[in-house]
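Have a look at the structure below, then the notes.
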Amino acid sequence: MIYNPRSEEAYRLLHDGILALARAERQGIRLDVKYVEKKMKSLTVKIDDLETEFRRTKFFKHWQHSMTGTINIHSGTQLSVFLYKIKKIKIEKTTVSGQGATDDEALKQMNIPELNLLLKVRKLKRIRDTYLSGFLREQVDGYIHPFFNLNLVITYRSSSDHPNFQNIPVRDKQSMRICRKALYPRPGHQLLEADFKGLEVAIATCYHKDPTMIKYVSNPKSDMHGDMAQQIFMIDKFNKEVPEYYTLRQAAKNGFVFPEFYGDYYKNCAVNLACGWGKLPQGKWSPGQGIPLPKGTLSDHLISNKIKSIDHFTEHIKGIEEHFWNVRFPKYTEWKNRWYDKYKKRGYIELLTGFMCSGVMSRNDCINYPVQGAAFHCLLWTFIRLDELIRSEKLRTRLIGQIHDSILLDVYPKERKYITEMVHKITCFELPEVWKWIIVPLDVDMSICQIDAPWSEKEKYIFK
DNA sequence: GGAACTCGCCAC
DNA sequence: AAACGTGGCGAGTTCC
């Protein structure tokens with residue numbers, strides 16, 4: 001529901017936005033149908049081989065004898081019964097409904113080699129049955145036409161379906177290559193991706209205006225995640241060019257900073273940091289454990305700093321969390337409290353882009369929704385402007401997709417220089433000019449594929 | 001035989 | 001006091 005003085009502008013954003021997105025839907029993304037069909041077949045062979053291998057193991061025989069009906073090795077329910085009721089493995093992790101979990105994390109923890117076969121099969125099946133078969137089912141004359149919705153997400157973000165273009169694998173290299181190798185530019189064209197850099201952090205800063213955060217997001221040489229890695233892991237001379245330290249920086253970013261922004265708390269962060277990212281065991285630590293560092297391993301380093309167990313580490317992270325919110329970013333904390341109090345008083349919150357969120361919201365919801373929503377609106381505004389530009393100048397480049405803070409274009413190579421300059425101009429200059437509430441610089445990262453190359457072959461693009 | 005649910009997992 | 005936000009989707013399972 002939109003009911004505020006800026007509702008006309010807010011309305012126009014969604015009106016123009018959905019039209020621009022509909023034009024992208026109509027354009028579509030080129031699919032290599034032959035490749036997908038071939039790959040699905042070869043994946044099927046691999047999956048069958050792995051399943052055959054699994055069925056020969058003692059583990060499987062035991063499972064089979066333990067039950068009366070026929071086994072479905074892909075049934076979480078059956079696996080849960082076998083692992084926790086028959087084999088009586090102690091439940092370390094439960095599902096939301098309280099059953100013993102059988103997800104990746106739970107199975108890895110058990111250290112049963114046969115389960116690794118099952119995990120491999122799961123991954124390959126997902127590639128085949130979710131992504132490749134989805135592409136094939138949805139393609140028309142060699143093009144997929146993902147939908148982009150503006151009316152389904154509570155935070156005012158978009159969603160995508162038929163097929164979902166916003167969850168194609170990227171982090172896992174094998175899955176990324178297989179899935180993204182299916183998607184091509186038009187003949188003679190090249191795929192270009194433009195991503196806002198740290199968009200949600202920048203937009204959050206426009207709400208809370210914490211001076212330390214303003215410095216972090218305004219100074220390209222500063223490095224919040226590096227600083228947090230240095231503090232969390234107690235590194236004297238931190239240098240993100242050192243590969244081992246870069247890993248710690250990734251851990252700090254994805255295992256502490258972002259979860260804290262979303263409202264997580266230190267206990268979860270500590271376990272994820274140490275056991276997930278750092279590969280340390282739960283309980284007491286011994287020398288030589290965990291990921292390697294320039295000298296020794298993570299456990300060696302932490303033990304030398306008097307942190308000898310997950311409990312010690314959790315206490316340490318508790319201190320880091322307190323420092324993070326009370327010393328490093330106190331104005332951010334004040335804003336969170338003020339913002340939530342305001343919601344409790346009025347029953348709604350207002351986004352910087354003029355939209356309202358109301359209804360029952362938790363504290364975390366109140367703090368996250370306006371950031372997610374306004375950040376996506378920056379993307380949508382850019383998308384609309386690019387769509388107008390491409391149509392008014394009758395360019396051959398096409399807008400073909402969008403993933404929350406990034407835009408995918410199918411670029412006519414002769415227009416590449418012009419398009420990338422315009423993307424830069426629109427995102428970094430025009431947008432903050434029009435929306436005065438954007439008080440920190442915005443920046444955009446671009447990556448590109450060679451002419452006629454698929455999406456899996458993306459490289460960094462330096463346009464300046 | 002389909003609707004609704006749970007679980008697991010992909011993205012940002 | 002509470003304790004990570006938003007989606008889509010496939011497969012298995014249960015309910016009617």
Side-chain angles (χ1 to χ4, degrees), chain A residues 69-81 93-107 118-119 121-135 137-138 146-172 174-176 178-180 193 195-201 203-204 254-272 317-318 321 336 340 344 357 361-373 375-376 379 401-408:
Chain A
T70 45
I71 285 193
N72 180 343
I73 61 169
H74 308 298
S75 158
T77 321
Q78 293 183 23
L79 182 58
S80 184
V81 168
K93 192 186 173 192
T94 61
T95 67
V96 278
S97 68
Q99 303 295 305
T102 56
D103 63 4
D104 202 281
E105 194 193 324
L107 297 194
L118 223 44
L119 292 177
V121 176
R122 269 191 196 172
K123 184 169 125 179
L124 298 182
K125 273 176 72 73
R126 188 166 326 103
I127 296 171
R128 184 190 63 180
D129 300 341
T130 300
Y131 297 104
L132 298 188
S133 81
F135 291 163
R137 186 186 59 233
E138 301 297 337
F147 289 96
F148 296 99
N149 317 295
L150 293 184
N151 60 315
L152 297 180
V153 181
I154 196 157
T155 62
Y156 291 98
R157 260 195 188 179
S158 64
S159 72
S160 170
D161 53 40
H162 295 94
N164 182 351
F165 184 65
Q166 297 178 322
N167 74 342
I168 301 168
V170 65
R171 292 183 192 127
D172 181 81
Q174 186 193 15
S175 311
M176 184 281 278
I178 296 173
C179 297
R180 297 194 175 208
E193 227 181 311
D195 306 54
F196 276 101
K197 238 170 150 174
L199 182 60
E200 286 197 4
V201 177
I203 297 310
N254 297 311
F256 183 82
V257 178
F258 285 155
E260 285 286 341
F261 285 164
Y262 283 134
D264 204 355
Y265 82 132
Y266 72 92
K267 279 191 183 171
N268 285 337
C269 294
V271 173
N272 283 336
I317 297 302
K318 185 182 179 184
E321 184 187 70
K336 290 202 293 184
Y340 184 47
K344 283 190 289 189
C357 291
M361 286 185 275
S362 70
R363 186 175 193 276
N364 283 343
D365 293 341
C366 284
I367 289 155
N368 289 325
Y369 290 2
V371 175
Q372 282 197 2
F376 173 69
L379 186 286
Q402 159 272 123
I403 314 174
H404 307 303
D405 66 355
S406 77
I407 294 175
L408 187 68

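Chain naming here is simple, since letters A, B, ... match the order of the sequence lines and numbering starts at 1 in each. For the numbers below, each heavy atom of this structure counts, side chains included, while hydrogens, waters and symmetry mates do not.
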Base, sugar-phosphate, or nothing for [X], non-hydrogen atoms under 4.0 angstrom?
X      : value
A:S362 : nothing
A:R157 : base
A:I154 : sugar-phosphate
A:R363 : nothing
A:Q78  : sugar-phosphate
A:Y369 : sugar-phosphate
A:S160 : sugar-phosphate
A:P259 : base
A:G76  : nothing
A:V96  : sugar-phosphate

Minimum heavy-atom distance [X]-[Y], with the two atoms named:
X      : Y      : result
A:E321 : A:F256 : CA-CZ, 4.0 Å
A:Q166 : A:S158 : NE2-OG, 3.1 Å
A:C269 : A:D264 : SG-OD2, 4.1 Å

- Query: From the 5' end of DNA chain B to its 3' end, which nucleotides mark the outer limits of contact with chain A, defined by a 4.0 Å heavy-atom distance cut-off (strictly under)?
  - Reply: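 Endpoints of the contacted stretch of DNA chain B: B:dT6 to B:dC12.
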[atom1]-[atom2] distance between [X] and [Y], expressed to the nearest 0.5 angstrom:
X      : Y      : atom1 : atom2 : answer
A:F196 : A:I203 : CZ    : CD1   : 8.0 Å
A:Q372 : A:Y262 : CD    : OH    : 5.5 Å
A:I168 : A:F135 : CD1   : CZ    : 4.0 Å
A:K125 : A:R122 : NZ    : CZ    : 11.0 Å
A:D161 : A:E138 : CG    : CD    : 8.5 Å
A:N151 : A:S159 : CG    : OG    : 7.5 Å

- Query: Does any donor-acceptor pair link the side chain of A:Q166 with the base of C:dG7 at a separation under 3.5 Å?
  - Reply: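 Not at all, since no donor on one side and acceptor on the other fall under 3.5 Å apart.
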Using whole Å, report how far [atom1] of [X] lies from [atom2] of [N].
X      : N      : atom1 : atom2 : result
A:Y340 : C:dA2  : OH    : P     : 11 Å
A:N149 : C:dT6  : CG    : P     : 17 Å
A:K344 : C:dA1  : NZ    : P     : 13 Å
A:N268 : C:dC4  : CG    : P     : 6 Å
A:I317 : C:dA3  : CD1   : C1'   : 16 Å
A:Q99  : C:dT14 : CD    : C1'   : 13 Å
A:D264 : C:dG5  : CG    : C1'   : 11 Å
A:H162 : C:dG7  : NE2   : C1'   : 14 Å

- So which nucleotide from C:dG5, C:dG10, C:dG8 ends up closest to the side chain of A:T130?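 Per side-chain heavy atoms of A:T130, the pick is C:dG10.
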- Message: Taking the minimum atom-to-atom distance to the side chain of A:Q372, which one of C:dG5, C:dC4, C:dG8 wins?
- Response: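 In terms of side-chain proximity for A:Q372, the closest of C:dG5, C:dC4, C:dG8 is C:dG5.
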- Item | Contacts of A:N272 that satisfy side chain to side chain donor-acceptor pair (under 3.5 Å) - sequence neighbours left out |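 For A:N272, no residue satisfies side chain to side chain donor-acceptor pair (under 3.5 Å) once neighbours in sequence are set aside.
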- With side chain to side chain donor-acceptor pair (under 3.5 Å) as the test, would you mind laying out the steps for A:D172 and A:S175 before giving the verdict? CA-CA 6 Å; A:D172 181 81; A:S175 311; 2.7 Å; yes
Phosphate-side-chain proximity, [X] and [N], N/O vs OP1/OP2 below 4.0 Å:
X      : N      : answer
A:N364 : C:dC4  : no
A:Y265 : C:dC4  : no
A:N72  : C:dG12 : yes
A:S159 : C:dG8  : yes
A:S75  : C:dT13 : yes
A:R137 : C:dG10 : yes

- Query: Tell me, which stems hold DNA chain C, with a stem being 3 or more Watson-Crick or G-U pairs in a row and both distances under 3.5 Å?
  - Reply: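 Expected stems, ordered by start: B:1-12 with C:5-16.
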